[in-house]
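Please read the structure below before turning to the comments.
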Amino acid sequence: MHVNKVDHVTTVERVAERLGESVDFIHDVALEMDPEDGVIWVYGIGDDGVLAFTDFGIETLVELIEIHKDLKARAGA
């Protein structure tokens with residue numbers, strides 16, 4: 001039997017605040033991520049969902065942010 005070991009997730013708003021980035025930028029970068037990368041949608045009452053990340057997802061996100069910023073810097077140089 002597979003047991004999921006994720007015991008918490010962190011919302012996109014909190015991750016953006018912690019990383020000093022905008023929520024919109026985090027959303028754009030997270031489009032490249034799949035659930036196995038540690039990104040999930042959390043739904044409550046109603047149709048609106050909240051983007052959230054596992055700890056592994058935050059690590060993956062930080063790596064992708066660095067890549068995005070490096071590519072942007074190269075394009076501007």
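Keep in mind that this is a model prediction, so the values were computed, not measured.
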Are any of the side-chain heavy atoms of V50 and Y43 separated by less than 4.5 Å? no
Quick one: list whatever passes salt bridge (charged side-chain N to carboxylate O under 4.0 Å, His left out) with D70, sequence neighbours left out. R74
Paired with L61, the side-chain contact (heavy atoms from CB on, under 4.5 Å) test is passed by just one of V12, V39, V15, namely V15
Decide yes or no for I26 and F53: does some side-chain heavy atom of the first lie under 4.5 Å from some side-chain heavy atom of the second? yes
Rounded to the nearest 0.5 Å, what separation is found between the CZ atom of R18 and the OG1 atom of T10? 5.0 Å
With rounding to the nearest 0.5 Å, note down the distance linking CG in L31 to CG in L51. 8.5 Å
Going by an N to O cut-off under 4.0 Å, is there a salt bridge joining E21 and K69? yes
Smallest separation among heavy atoms of E32 and L64, with atom names: OE1-CD2, 3.7 Å
Side-chain heavy atoms under 4.5 angstrom apart, residues restricted to Ile, Leu, Val, Met, Phe, Trp, Tyr: same cluster for F56 and I40? no
Using a cut-off of 6.0 Å, state whether more than 12 heavy atoms not belonging to E17 lie near its atom CD. no
Applying side chain to side chain donor-acceptor pair (under 3.5 Å), can you list everything that pairs with H27, at least two apart in sequence or on another chain? none
Just do the side chain to side chain donor-acceptor pair (under 3.5 Å) check on H8 and D55 with the steps written out, would you? CA-CA 8 Å; H8 69 278; D55 289 343; 3.2 Å; yes
Membership question, hydrophobic clusters at under 4.5 Å side-chain separation (ILVMFWY): are V62 and V23 in the same one? yes
Between CG of L19 and CZ of R14, what distance do you get to the nearest 0.5 Å? 12.5 Å
NZ of K72 to CD1 of I67, rounded to nearest 0.5 Å, is 16.0 Å
Side-chain heavy atoms nearer than 4.5 Å, only ILVMFWY residues, links allowed to pass through others: does that put W41 and V6 together? no
